[in-house]
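Throughout, a chain's letter reflects where its sequence line sits, starting with A, and its residues are numbered from 1. Keep in mind the model is a prediction, meaning the values are calculated, not measured. Below, all heavy atoms of this structure are taken into account, side chains as well, without hydrogens, waters or symmetry copies.
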Amino acid sequence: MLESYREEIIPEKWYNIIPDLPEPLPPPLDRSKGRSSIDLLNDIVPKEILKQEFSFSRYVDIPDEVREQYIQIGRPTPLVRARNLEKRLDYRGKIFFKFEGATVTGSHKINTAIPQAYYAAQEGSSGTVTETGAGQWGTATALASSLYSLPCTVFMVRISYQQKPGRKVIMNTYGADVIPSPSDMTGSGLKFFKENTNHPGSLGIAISEAVEYAMKKNLKYMIGSVLNSAITHQSIIGLETIKQLELEGEKADSLIGCVGGGSNFSGFVFPFLNDHEDMDIIASTAEEVPKFTRGEYKYDYIDSAGILPQLRMFSLGADFVPPKIYSGGLRYHGASPSLSLLVRNGRIKAEDVSQNEVIDALKIFAGTQGIIAAPESGHAIASALRYIKANKNEKKTVVVNVSGHGLLDLGIFEGKRE
Amino acid sequence: MKDLYLYFTMGYPDMDTLERFISLINADKVNGIEIGFPSMDPKYDGPEIRKSHSSAVDPGRERMLEFLKILGMKNIPLYSLQYYSDICSDIEENLAILRESGFSGIIVPDLTTDYFKDSEKVIDHIEESGLDFIPFFSASSPDRVIARQCSLTSSWIYYGIQPSTGINMPMDMAPGVQRIRSIAGNRKMIFGFGIRNEDHVREAVRNGADGIAIGTILLKYLESNDKNGFIDLVERMRVALNDNS
């Protein structure tokens with residue numbers, strides 16, 4: 001009974017928005033003089049993932065084994081009517097939240113880690129490597145690699161490594177090696193490590209390290225966000241939400257989520273876009289990393305060292321070293337090209353939220369719904385509170401994606417900087 | 001019979017060599033010649049074609065016109081490949097030169113992706129000048145853009161298989177091609193980007209190509225002045241195209 005209910009909600013195909021965009025997606029740009037930076041992906045990314053990245057099929061079959069693993073890690077995640085919050089806010093509309101924090105790794109990141117590890121294992125890879133900022137992606141990669149018996153190495157941005165020891169323990173428990181970045185294990189890390197052995201690091205540097213390490217050790221590089229294949233896998237969030245709303249007999253008027261690289265937000269929102277032209281859609285970013293409001297829409301590198309191709313996106317510059325805010329997952333300098341395009345053409349609105357506003361929102365959410373949401377997700381909740389306040393009398397149905405729990409990020413409530 | 005289009009960069013490796021190779025092309029075997037005009041930033045080309053742009057010899061106006069005149073006498077349809085900023089730097093003059101030299105159409109690889117808002121205006125301008133605008137689509141082209149550009153043009157369609165020239169990423173060609181076919185109907189589709197050997201040709205044909213365009217693989221023959229190798233390659237590509245197995 002339980003299983004069949006779950007099976008009904010979990011989709012059989014992921015959705016890829018590219019064929020439905022209002023404008024063509026600018027392709028990745030290869031600026032290398034020697035070997036093509038697009039071509040080098042052939043060495044470090046599973047073939048099936050590259051196929052998904054470059055074939056742009058509107059629907060992609062989810063392998064049965066991946067669907068089974070989705071059930072094992074807690075999918076479908078709950079869609080909850082936030083009645084306590086509605087009451088607290090005295091809101092006459094409806095508030096729903098999709099809780100990606102209910103997966104076993106505590107965030108949406110496992111949605112793409114599983115298929116990437118699955119394809120890597122199928123293709124006979126000897127191991128995986130990736131980077132992580134806040135630790136959510138590293139945790140998901142570590143577990144997914146363990147599920148397919150693949151050794152896993154994670155380059156973790158040093159500031160997070162030092163201040164979130166719990167994350168490291170979890171990754172180690174799943175069997176992964178965790179290396180603080182910048183490290184002396186790669187050329188791109190060494191450059192910064194030599195300057196300062198206690199360099200706080202950035203996601204851009206950690207990506208360069210992971211990619212370089214993958215090339216050197218013949219490992220598969222796991223893509224955490226930004227690239228289209230990861231976003232396609234995350235469409236499971238939105239597809240489930242659509243089904244769950246349908247089962248409730250509800251229709252969303254507004255969708256709100258937070259943006260780091262763009263994968264939880266895009267995965268949540270994109271499946272809705274075609275059939276819901278009049279919907280309000282809000283992307284919430286950190287005031288300290290204002291990629292959409294102050295960034296430039298341009299071709300920029302994915303990683304600091306410029307090993308990977310350039311993408312056309314909103315960016316604060318690949319060399320951007322972000323302030324040490326709690327929301328490690330929102331510190332990335334850019335955002336995925338498809339999401340950037342939709343923000344630029346006005347279909348999706350973007351707004352920045354300050355850390356103090358996030359803390360207040362997290363407290364209200366915890367005090368009403370009982371969930372300590374991740375600081376990143378706190379941005380989505382804060383934007384939702386703003387939206388509800390501004391539309392108090394309109395009785396809208398607002399759906400918020402709460403991308404993860406914050407049980408390992410409690411420092412934010414004690415006023416500590418991460 | 002399927003079509004074979006050959007791409008050359010103007011002035012690469014030098015005008016004399018280029019002219020010698022053009023003279024080897026036989027209208028029985030080749031259905032179209034594309035001439036890429038060197039750009040400061042040929043951004044959607046791979047490293048090898050990019051190098052041909054940066055190392056091409058500038059022939060000067062007179063020599064270029066003379067070369068275009070020779071090209072025009074070959075009785076093979078000619079297409080120019082120019083990036084937006086180059087063609088639009090003096091669009092009237094550029095269109096006039098192409099028209100007078102007997103060109104049939106123009107491909108602007110970055111127009112739709114990077115200058116989407118200007119694209120319809122530029123397409124209209126080119127079509128009104130009597131030249132064909134060749135729509136450039138890829139698997140990532142959205143439905144509504146394909147539909148719109150098909151309604152504004154009537155020529156064949158250039159289908160870029162790979163994200164840039166000369167590279168070979170794993171690809172499931174069928175869904176993208178079928179989607180474009182379902183919108184573009186029976187318009188001729190010429191596949192290019194990343195075709196390097198007979199297997200690639202056969203794969204393109206299996207996936208519905210009406211013809212192929214090759215460029216990157218020609219460069220080495222021009223660079224080493226290997227005329228026999230070039231003739232042999234064109235022959236092999238022709239055979240692979242005709243091979244329906």
Side-chain angles (χ1 to χ4, degrees), chain A residues 13 16-61 119 123 227-229 232 273-274 277 297-299 309-312 337-338 341-342 344-346, chain B residues 41-51 54-55 84 109-120 135-149 159-180 182-183 193-194 196 207 216:
Chain A
K13 292 171 195 291
N16 179 357
I17 196 172
I18 307 303
D20 293 322
L21 285 175
E23 296 176 23
L25 187 75
L29 206 53
D30 176 14
R31 290 292 190 193
S32 48
K33 290 231 157 36
R35 184 182 176 188
S36 156
S37 61
I38 301 172
D39 186 50
L40 77 79
L41 297 174
N42 278 312
D43 292 354
I44 59 168
V45 176
K47 201 168 166 233
E48 196 55 39
I49 295 291
L50 290 176
K51 241 188 200 177
Q52 293 174 6
E53 191 67 40
F54 293 107
S55 300
F56 302 102
S57 303
R58 184 177 272 120
Y59 295 103
V60 180
D61 288 333
Y119 294 124
E123 293 172 23
L227 294 186
N228 198 52
S229 46
T232 300
L273 282 182
N274 263 346
E277 301 241 319
Y297 184 66
K298 61 176 183 184
Y299 270 107
Q310 290 189 342
L311 298 175
R312 193 149 191 218
S338 48
L341 187 151
L342 289 163
R344 184 167 183 258
N345 94 340
Chain B
D41 186 16
K43 54 188 158 191
Y44 296 134
D45 281 297
E48 289 153 287
I49 299 275
R50 281 210 305 276
K51 187 176 146 265
S54 61
S55 329
Y84 174 86
D110 59 343
L111 176 68
T112 314
T113 44
D114 292 344
Y115 304 95
F116 183 67
K117 290 202 165 56
D118 295 343
S119 60
E120 295 197 0
F136 177 84
F137 297 145
S138 71
S140 69
S141 301
D143 284 7
R144 60 193 96 178
V145 174
I146 297 166
R148 184 71 189 142
Q149 292 206 355
Y159 181 71
I161 303 169
Q162 293 285 340
S164 78
T165 56
I167 61 168
N168 204 342
M169 305 307 289
M171 178 83 53
D172 190 0
M173 242 189 265
V177 175
Q178 283 163 10
R179 194 164 58 77
I180 294 172
S182 73
I183 302 167
F193 282 29
R196 283 182 176 264
N207 280 286
T216 304

If one checks every heavy atom of Arg50(B) against chain A at 4.5 Å, the contacting part turns out to be side chain
With chain B, the option among Ser57(A), Pro27(A), Pro28(A), Pro309(A) that has the most non-hydrogen atom pairs under 4.5 Å is Pro27(A)
* Asked: So with a 6.0 Å cut-off around NZ of Lys298(A), is the heavy-atom count from everything else above 12?
  -> yes
Asn42(A) side-chain N/O to Asn168(B) backbone N/O, donor-acceptor pair under 3.5 Å
yes
Output for pair (Asn345(A) CG, Lys117(B) NZ), nearest 0.5 Å, gives 7.0 Å
For a 4.5 angstrom cut-off between non-hydrogen side-chain atoms, does Arg58(A) reach Asp143(B)? yes
Checklist entry - Are any of the side-chain heavy atoms of Glu23(A) and Pro142(B) separated by less than 4.5 Å? => result no
Cut-off 4.5 Å, heavy atoms of chain A, and the answer for Lys51(B) is neither
Between the CZ atom in Phe54(A) and the CE atom in Met171(B), the distance rounded to the nearest 0.5 Å is 7.0 Å
Whether Arg144(B) and Asp20(A) form a salt bridge (side-chain N of Lys/Arg under 4.0 Å from carboxylate O of Asp/Glu) is what I want to check.
no
Under 4.5 Å to a heavy atom of chain A? For Asp41(B) that would be side chain
Side chain of Thr113(B), backbone of Pro26(A): donor and acceptor closer than 3.5 Å?
no
Pair count under 4.5 Å, heavy atoms only, with chain A: among Ala174(B), Gly160(B), Ala139(B), Gly176(B), highest is Ala139(B)
In this structure, CE of Met169(B) is separated from NZ of Lys47(A) (nearest 0.5 Å) by 11.0 Å
Ranked by heavy-atom pairs below 4.5 Å to chain A, first place among Pro175(B), Ser140(B), Gly46(B), Ser138(B) goes to Ser140(B)
ask   = Do the side chain of Arg35(A) and the main chain of Pro47(B) share a donor and acceptor less than 3.5 angstrom apart?
value = no
By side-chain contact (heavy atoms from CB on, under 4.5 Å), Leu29(A) pairs with (sequence neighbours left out) Arg31(A), Tyr299(A), Gln310(A), Lys43(B), Tyr44(B)
What one should report as the nearest heavy-atom pair of Asp114(B) and Arg312(A) is OD1-NH1, 3.4 Å
Counting heavy-atom pairs under 4.5 angstrom with chain B, the leader among Pro22(A), Ser37(A), Ser36(A) is Pro22(A)
